[in-house]
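Since the structure comes first, as structure tokens, the remarks are kept for the end.
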Number of protein chains: 2
Amino acid sequence: MGRPPGNKPTSFDIAYLAGVSQPTVSRALRGSRSVSRATRERIEAIARDLNYSVDKNASSLRSQRSNTIALLFFEDPTPDESNINPFFLAMLGAITRQCGARGLDLLISFQKMEDDWHVRYQDSHRADGLILLGYGDYTLYQRRLTELVGAGTYFVRWGSVGADTIGPTVGSDNVGAGRLAGDHLLDLGRRRIAFLGQADEHYPEFADRYAGLCDAMAAQGIAPDPALQVDALTAEDAGHAATMTLIGRGVPFDAIFAASDLIAIGAMRALAEAGLTVPGDVAIVGFDDIPAASLTTPPLTTIMQDMKGAGQLLVDTLVAQVEDQPLPPGTLPARLVVRRSTSG
Amino acid sequence: MGRPPGNKPTSFDIAYLAGVSQPTVSRALRGSRSVSRATRERIEAIARDLNYSVDKNASSLRSQRSNTIALLFFEDPTPDESNINPFFLAMLGAITRQCGARGLDLLISFQKMEDDWHVRYQDSHRADGLILLGYGDYTLYQRRLTELVGAGTYFVRWGSVGADTIGPTVGSDNVGAGRLAGDHLLDLGRRRIAFLGQADEHYPEFADRYAGLCDAMAAQGIAPDPALQVDALTAEDAGHAATMTLIGRGVPFDAIFAASDLIAIGAMRALAEAGLTVPGDVAIVGFDDIPAASLTTPPLTTIMQDMKGAGQLLVDTLVAQVEDQPLPPGTLPARLVVRRSTSG
DNA sequence: CGCCAGCAGGCATACGTATGCGCATATTAT
DNA sequence: ATAATATGCGCATACGTATGCCTGCTGGCG
């Protein structure tokens with residue numbers, strides 16, 4: 001208190017007051033073993049007293065480590081603001097928390113994948129590495145990801161974890177989650193389970209969820225019926241449209257597993273319009289457990305991903321790369337949240 | 001391409017290749033008038049060629065400007081992760097966009113207001129200024145804000161804009177928004193309008209909304225009835241509880257203006273349980289236009305805040321301070337979104 | 001033809017920290 | 001007692017950019 005503003009204390013000021021040299025201050029504050037305990041504590045006291053804090057720019061410049069990671073959201077369908085997938089926003093909380101726990105700063109940006117932002121961020125030493133978060137057509141991103149790998153940029157991606165993914169990837173066990181949903185519906189006696197969601201290589205996460213559903217059905221000796229799978233992207237409208245398509249096909253079904261909650265909500269709207277009851281005529285399971293899922297009527301049974309774990313794993317995986325350590329395994333278990341859309 | 005990684009080009013490399021001195025490179029790339037056009041273009045070409053990008057740390061260190069702002073979320077009720085107010089998350093999109101447009105980086109953190117994080121961020125030159133975002137008991141924050149002002153920290157806060165606010169503040173015109181909601185309900189012939197939301201000095205934004213409602217009623221010669229105001233914080237449960245209280249009071253009401261969408265959603269649930277129809281028995285207006293608002297049955301009439309404008313204004317106000325320029329005015333108009341909870 | 005103005009760019013240096021290396025003093029082994 | 005080792009700290013310097021000041025040159029004008 002009292003020092004004229006714009007005249008922030010430096011490590012030299014501390015050194016002077018402590019009667020030591022500037023390097024000693026630096027070492028002391030970083031906890032180097034080569035400063036005696038007494039000296040260190042004296043320096044720490046003075047630093048606290050002066051309200052000193054290490055200049056981040058000087059420190060990063062000298063050490064070539066920014067202790068900062070950059071979070072890049074990308075989504076292809078929405079060039080407009082605000083319409084961010086609620087699931088990712090929830091994950092943001094977990095990521096910031098883990099960054100805080102590890103003493104990292106977090107830079108954030110929403111970008112189209114076209115910009116070369118991602119490269120720039122590491123080149124300019126703003127960040128030590130990147131977290132890439134986004135749904136969208138995976139095949140469109142492959143080239144970009146390959147570039148990143150080629151440039152030696154450290155990054156980690158949220159998505160489908162498989163053999164052919166490019167770069168370190170962290171994701172839920174989507175196959176297991178699909179199996180979870182399938183088992184649940186099968187336990188309830190449902191046999192004609194529809195899947196709403198793009199299930200091709202462009203959207204591997206959705207495809208995995210479908211594969212898990214098929215696994216569960218196969219375990220009961222039920223062959224998947226292609227007529228019960230309808231493509232749909234993440235949005236509510238898509239869920240509505242897909243359900244209309246499904247109904248239009250005239251094949252009977254007694255359950256729906258939707259690849260996202262928004263799809264499920266759209267589906268519920270379409271079912272209501274068609275005079276079908278939930279869960280009476282059709283049981284329905286969503287995916288993501290977005291806040292709105294518990295607010296629908298009936299509340300939506302869904303799959304909850306481990307977002308806290310996801311945030312930790314993303315950050316840890318990135319740091320492991322930067323520090324040249326072995327990467328932790330990349331998949332996280334998901335959990336079924338039963339609500340009245342299946343059990344009512 | 002091709003340069004060994006870890007050997008990033010510097011301005012010296014460019015200078016060498018261009019046959020000029022390093023300072024000239026710096027000036028050229030920053031667009032200084034004292035570099036000839038020809039030289040500048042030559043330098044720019046080489047820089048592009050080498051995939052050069054200015055080292056952010058060195059630049060910030062030297063210029064004492066980080067061109068970065070820090071966004072601090074704080075909410076008192078949720079020490080747990082994830083449960084972030086969706087409204088703020090939507091605003092995040094607008095803020096990042098404006099930061100991008102102004103060439104600023106954005107640091108982000110969720111914190112309890114107790115930590116001295118906010119001071120640290122500017123002291124350590126991580127950020128030029130802070131954006132403070134959070135609901136919560138305003139009176140609890142006053143001391144912190146006063147400290148920030150005292151420390152000369154640049155910041156801007158989202159909240160109620162009034163005479164007694166501490167530090168530069170940006171917010172919606174909550175009084176006007178309340179009037180908007182009131183006028184709408186009055187136009188529909190409703191006369192007994194309840195308000196659900198804390199309306200004291202601890203939550204000035206809510207109080208302003210209530211004041212606007214009272215204004216609108218007063219303009220029609222209707223005196224506000226204290227029995228029709230029930231305290232409620234932001235959450236859905238609170239809305240449910242408040243509505244039960246309201247019903248329990250036995251005073252007749254034909255409309256509800258809720259201080260937030262989540263309160264409104266809770267209210268709708270309580271009304272349904274009590275056998276009251278929306279909008280037949282009770283018309284209801286929310287606030288925020290969160291994504292779930294259009295998914296309720298019936299869809300919720302609500303007040304939409306100008307989030308794009310808010311993001312711009314927050315960033316612009318902060319930058320104006322840093323650059324020692326006059327601050328733009330701090331209030332933004334809100335808009336009524338009519339859905340079936342009032343007009344059905 | 002000489003003088004002053006203005007343009008383009010170079011020189012030197014500062015920003016604040018981190019770290020390799022060397023040098024005392026203190027400690028132990030021989 | 002002397003050599004070997006450890007401990008604690010200072011010296012010098014590097015990180016890469018931005019900027020105040022000065023210089024050399026060109027051109028216009030009296």
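So that the names make sense, note that chain A is the first sequence line, chain B the second, and so on, each numbered from 1.
Scored by the salt bridge (charged side-chain N to carboxylate O under 4.0 Å, His left out) test, A/R157 finds no partners at all (sequence neighbours excluded). A/A310 is linked by a side-chain contact (heavy atoms from CB on, under 4.5 Å) to A/M91, A/W158, A/L332, counting only residues two or more places apart in sequence or in another chain. Annotation: ring-ring contact (aromatic ring centres under 6.0 Å, His included) contacts of A/F155 (sequence neighbours excluded): none. The salt bridge (charged side-chain N to carboxylate O under 4.0 Å, His left out) search around B/D105 returns A/R126, B/K56, not counting sequence neighbours. Annotation: salt bridge (charged side-chain N to carboxylate O under 4.0 Å, His left out) contacts of A/R48 (sequence neighbours excluded): none. Here A/D316 pairs with A/R102 under the salt bridge (charged side-chain N to carboxylate O under 4.0 Å, His left out) rule; sequence neighbours left out.
If B/P23 and B/R40 are placed on DNA chain C by their nearest nucleotide, the residue sitting closer to the 5' end is B/R40. Ranked by how close their nearest DNA chain D nucleotide is to the 5' end, B/R27 and B/L61 are led by B/L61.
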Throw together a table of side-chain donor-acceptor distances under 3.5 angstrom for residues 23-35 of chain B, partners on residues two or more places apart or in other chains.
residue : atom : partner : partner atom : Å
B/T24   : OG1  : B/S21   : OG           : 3.2
B/S32   : OG   : B/S34   : N            : 3.1
B/S32   : OG   : B/S34   : OG           : 3.2

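Taking side-chain N and O atoms only, B/T39 has a distance below 4.0 Å to OP1 or OP2 of C/dG9.
Between its two ends, the helix from C/dC1-D/dG30 to C/dT30-D/dA1 turns its axis by 40°, counting five pairs per end and rounding to 10 degrees.
Sequence neighbours left out, not one pair with a member in residues 15-24 of chain B passes salt bridge (Lys or Arg N to Asp or Glu O under 4.0 Å). Evaluation of the side chain to side chain donor-acceptor pair (under 3.5 Å) test over residues 318-332 of chain B, restricted to residues two or more places apart or in two chains, returns none.
Residues of residues 11-22 of chain A having a heavy atom closer than 4.0 Å to DNA chain C, listed by number: A/S11, A/F12, A/Q22.
When all heavy atoms of A/I46 and A/I14 are compared, the closest pair comes out as CG2-CG2, 4.0 Å.
When heavy atoms are screened at a 4.0 angstrom cut-off, A/S34 is found touching base atoms of the nucleic acid. Within 4.0 Å of B/S26, counting heavy atoms only, lies at least one base atom of the nucleic acid.
Nucleotides of DNA chain D lying under 4.0 Å from heavy atoms of chain A occupy a range whose first and last members, 5' to 3', are D/dG8 to D/dG16.
B/S60 contributes no side-chain N or O that, together with a main-chain N or O of B/N57, makes up a donor-acceptor pair within less than 3.5 Å.
Atom-to-atom, CD1 of B/I43 to C1' of C/dA8 comes out at 11 Å; the value is rounded to the nearest Å.
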